[in-house]
Number of protein chains: 2
Amino acid sequence: MIYLDNAATSWPKPPSVAEAMTKAVKELGANPGRAGHQMALEAGRGIYRTRVLLAKLFNIKNPLRIAFTQNATYALNLALLGLLQPGDHVITSTLEHNSVARPLYYLSQRGVKLTKIGLNEAGEFDLDLLEKSFQPNTRLVCLTHGSNVSGHILPIEKIGALCRSRQVKFMVDAAQTAGVIPVDVEKMNIDILAFPGHKGLYGPQGTGGLYIAEGIELKPLVTGGTGSHSEYMEQPQVMPDQLESGTPNTPGIFGLGAGVEFVLKTGVEQIHAREQALTEKLLAGLRALPEVIVYGPAEERLPVVSINIKGAETSEVGFILDKVFNIACRTGLHCAPEAHKTLGTFPIGTVRFSPGWFNTDEDIDKTIEAIKTIIKEMKGA
Amino acid sequence: MIYLDNAATSWPKPPSVAEAMTKAVKELGANPGRAGHQMALEAGRGIYRTRVLLAKLFNIKNPLRIAFTQNATYALNLALLGLLQPGDHVITSTLEHNSVARPLYYLSQRGVKLTKIGLNEAGEFDLDLLEKSFQPNTRLVCLTHGSNVSGHILPIEKIGALCRSRQVKFMVDAAQTAGVIPVDVEKMNIDILAFPGHKGLYGPQGTGGLYIAEGIELKPLVTGGTGSHSEYMEQPQVMPDQLESGTPNTPGIFGLGAGVEFVLKTGVEQIHAREQALTEKLLAGLRALPEVIVYGPAEERLPVVSINIKGAETSEVGFILDKVFNIACRTGLHCAPEAHKTLGTFPIGTVRFSPGWFNTDEDIDKTIEAIKTIIKEMKGA
């Protein structure tokens with residue numbers, strides 16, 4: 001199996017991830033923060049350790065400003081629904097995943113105003129238009145760090161500076177970038193950062209998180225047992241307890257810790273360099289084929305390559321790649337319909353290849369060969 | 001280590017649980033329902049399999065009416081916040097965990113009316129008062145199946161019949177009972193059932209679920225990627241997708257499947273019989289000690305025994321049990337302050353022992369001996 005679906009979830013995971021989860025399940029039958037016994041304390045320490053590792057990766061000063069969530073979708077909803085009020089204006093983009101687009105649409109039906117920024121004529125993110133879109137009631141700029149469809153990387157550091165100078169909060173969806181390219185909340189002026197645990201951080205599915213800067217208060221989506229301040233009927237306001245009601249996913253968070261440790265040890269720059277080389281190799285091979293349309297930016301991009309073969313159905317190409325060539329990719333809209341409208345691939349979608357750290361040059365060669373064979377057989381048919 | 005904190009989370013888990021999780025992490029790098037490749041299909045099948053096992057356990061006709069959540073707290077919030085409107089009246093109890101009490105308190109601040117039923121003079125759940133509490137605007141009866149503090153088991157089947165005859169929806173928090181005593185949504189007339197995965201179902205932390213009967217529509221708390229109907233800005237209304245936005249916890253749900261399989265294979269009645277025998281042994285030993293106050297019902301109860309030693313701090317007793325005797329229990333309010341007010345143990349709390357399937361008679365003997373020793377040394381001091 002050649003796995004080229006790392007934008008959906010990274011695979012394989014470093015062996016330490018499953019080991020950390022197994023350790024948590026087998027050795028730590030404990031509900032952290034809810035009891036004083038030894039296993040509960042050790043579970044609590046392991047969870048805190050993962051917070052510290054994440055804080056190191058994202059240059060977050062206070063690890064307790066990170067709340068764990070079951071996925072990035074929940075983190076994004078928590079931030080948007082917990083922060084925005086009717087009358088607020090939000091600047092966002094047409095490249096967003098449904099995990100941002102849908103809650104923003106929901107809020108837009110309830111009095112929140114949206115401005116969506118797309119690509120300029122050069123096919124790059126329209127930073128000029130963004131700069132002109134600030135209004136007196138702009139409360140938030142909410143953008144993906146990078147597109148899961150086209151691979152566009154947004155100029156987050158520049159946008160962060162624009163937001164800071166206007167005293168507008170800046171929220172970033174790092175679903176495709178956490179662990180893949182550098183994310184530094186201080187340098188990039190990011191006030192709110194949502195991230196999944198199971199993509200570039202190599203943790204298991206079921207994990208993710210939300211960082212909120214000091215001074216930002218979110219209304220929690222759910223309330224309940226927090227282990228702390230049990231005597232009050234109102235949800236405690238202390239972070240991260242306020243946003244982490246109920247028993248946490250201890251095995252998942254232990255696994256995420258192992259994943260983040262792998263990223264820190266390997267180095268994001270090194271991971272990026274390797275994935276970039278694989279991506280450029282794939283792009284070069286595919287761009288050489290006149291029957292292939294390659295979408296996305298001309299130069300710098302994430303390890304995400306969306307294509308179509310002229311005259312072929314995307315789902316059929318994906319099916320053949322899987323069944324005949326044992327290559328796992330993804331076809332369709334990738335939960336980001338507006339990104340496809342922006343690229344002109346709605347509603348047909350694209351075939352998306354997303355290489356990862358564990359792919360080899362040979363994987364890429366075989367993928368290009370497979371596409372060539374599919375084209376040849378199409379012509380012969 | 002003698003582990004008597006199964007009401008917080010069951011431990012140990014059957015070995016199949018960690019094995020299923022490891023298999024999911026190592027062999028299935030896939031986002032189920034998001035791609036067509038083989039690993040994604042296998043992940044989707046494994047998740048559906050867990051739904052089927054849960055449906056079998058709870059006698060649910062359609063497994064797709066079960067949505068997976070990261071814990072019972074989220075499931076409970078999802079149901080309460082997704083169903084109730086200002087002006088609705090809810091009947092609940094004073095034995096609820098904060099995961100029910102806090103969202104209901106939140107709703108009560110926004111126009112939802114609450115009636116709370118406690119214990120009668122005999123110390124049993126006041127069913128007569130509940131029957132008298134129905135009002136024309138009663139929308140929901142929301143009760144715990146059993147108390148995590150006192151061990152009281154509520155007469156759910158009788159209450160379900162009362163609700164059905166009045167056409168009032170009935171919601172049950174099975175946090176302490178799923179896998180511990182029989183839960184049958186048909187026989188008990190349960191319309192909404194919330195359950196954790198990591199207690200009596202022996203799954204890992206980070207899992208739980210919500211069953212909603214056909215015909216009940218909940219407003220989702222979060223919206224986002226569902227893998228289905230990606231082209232619409234509005235959240236799809238099909239179950240379970242509507243309530244399961246974002247990447248699911250595939251390893252956790254695989255582990256939960258293994259846990260539920262263990263429960264089905266062992267038999268809930270058999271598990272209950274064994275845990276009841278351990279509980280009665282513990283109760284008999286503790287009731288024989290005049291220095292010990294044992295709380296809870298005189299007869300039938302869950303495997304939950306809350307006590308205090310006269311003249312001793314609960315937290316100190318828990319600390320000594322852990323450090324000196326290597327016995328893991330839990331002290332304090334157990335996230336259910338009102339239950340303690342009902343029992344007269346607020347704010348001091350209780351020392352809670354919760355035996356499980358994997359405990360032995362010897363564990364119980366040693367625990368009783370430990371309590372005896374603590375009492376003796378207190379007297380000597």
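Here is the naming used below: chain letters follow the sequence lines, and residue numbers restart at 1 for every chain. Predicted model, so just to flag it, every value in this text is computed and none were measured.
- With a 4.5 Å cut-off on non-hydrogen atoms, B/Phe319 does not touch chain A at all.
- Contact check for B/Asn98 versus A/Ser230: side-chain heavy atoms found under the 4.5 Å cut-off.
- Around NZ of B/Lys26, the count of heavy atoms belonging to other residues, nucleotides or ligands within 6.0 Å does not exceed 12.
- B/Leu28 touches chain A through its backbone: at least one of N, CA, C or O sits under 4.5 Å from a heavy atom, while the side chain does not.
- Each of B/Trp11, B/Tyr74, B/Tyr106 has some count of heavy-atom pairs under 4.5 Å with chain A, and the biggest count is that of B/Trp11.
- Rounded to the nearest 0.5 angstrom, B/Leu333 CG and A/His229 NE2 are separated by 12.5 Å.
- No part of A/Glu19 comes within reach of chain B, as not one of its non-hydrogen atoms sits under 4.5 angstrom from that chain.
- Interface remark: of the candidates B/Glu234, B/His340, B/His97, B/Met1, B/Glu234 forms the most heavy-atom pairs closer than 4.5 Å to chain A.
- A donor-acceptor contact shorter than 3.5 Å links the side chain of B/Asn71 to the backbone of A/Ser245.
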Notebook entry, point to check: Run the side-chain contact (heavy atoms from CB on, under 4.5 Å) check on B/Met21 and A/Thr22 step by step: do they pass?
Noted result: CA-CA 8 Å; B/Met21 293 174 75; A/Thr22 299; over 6 Å; no
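- Looking at B/Pro103, the atoms closer than 4.5 Å to chain A (heavy atoms on both sides) sit in the backbone and in the side chain alike.
- Taking 4.5 Å as the limit, some side-chain heavy atom of B/Asn326 sits within range of a side-chain heavy atom of A/Gln38.
- Side-chain contact between B/Glu231 and A/Phe346 is present, with heavy atoms from C-beta onward closer than 4.5 Å.
- Considering only heavy-atom pairs separated by less than 4.5 Å from chain A, the leading option among B/His334, B/Gln235, B/Gln70, B/Met233 is B/Met233.
- For the residue pair B/Thr226/A/Arg102, the side-chain donor-acceptor check at 3.5 Å is satisfied.
- For B/Leu221, the parts lying under 4.5 angstrom from a heavy atom of chain A are both the backbone and the side chain.
- Highest contact tally toward chain A, considering only B/Pro251, B/Ala18, B/Pro347, is held by B/Pro251 [criterion: heavy-atom pairs under 4.5 Å].
- From A/Asp322, atom CG reaches atom CE of B/Met39 across 9.5 Å, with rounding to the nearest 0.5 Å.
- A donor-acceptor pair under 3.5 Å links the side-chain atoms of A/Asn77 to the main chain of B/Thr223, judged by distance alone.
- Residues A/Pro248 and B/Gln205 form no side-chain contact, since every pair of their non-hydrogen atoms from C-beta on lies 4.5 Å or further apart.
- If you take OG1 on A/Thr73 and CD on B/Glu244, they are separated by 12.0 Å, rounding to the nearest 0.5 Å.
- Rounding to the nearest 0.5 Å places CD1 of B/Ile2 at 13.0 Å from NE2 of A/His37.
- Residues passing the ring-ring contact (aromatic ring centres under 6.0 Å, His included) test with B/Phe358, sequence neighbours excluded: B/Phe262.
- Annotation for B/Gly225 and A/Cys335: closest pair CA-SG, 4.0 Å, computed over non-hydrogen atoms.
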Validation: residues 195-204 of chain A side-chain donor-acceptor distances under 3.5 Å, sequence neighbours left out:
unit_1   : atom_1 : unit_2   : atom_2 : d
A/His198 : ND1    : A/Thr9   : OG1    : 2.7
A/His198 : NE2    : B/Thr247 : OG1    : 3.4
A/Lys199 : NZ     : A/Ala7   : O      : 3.1

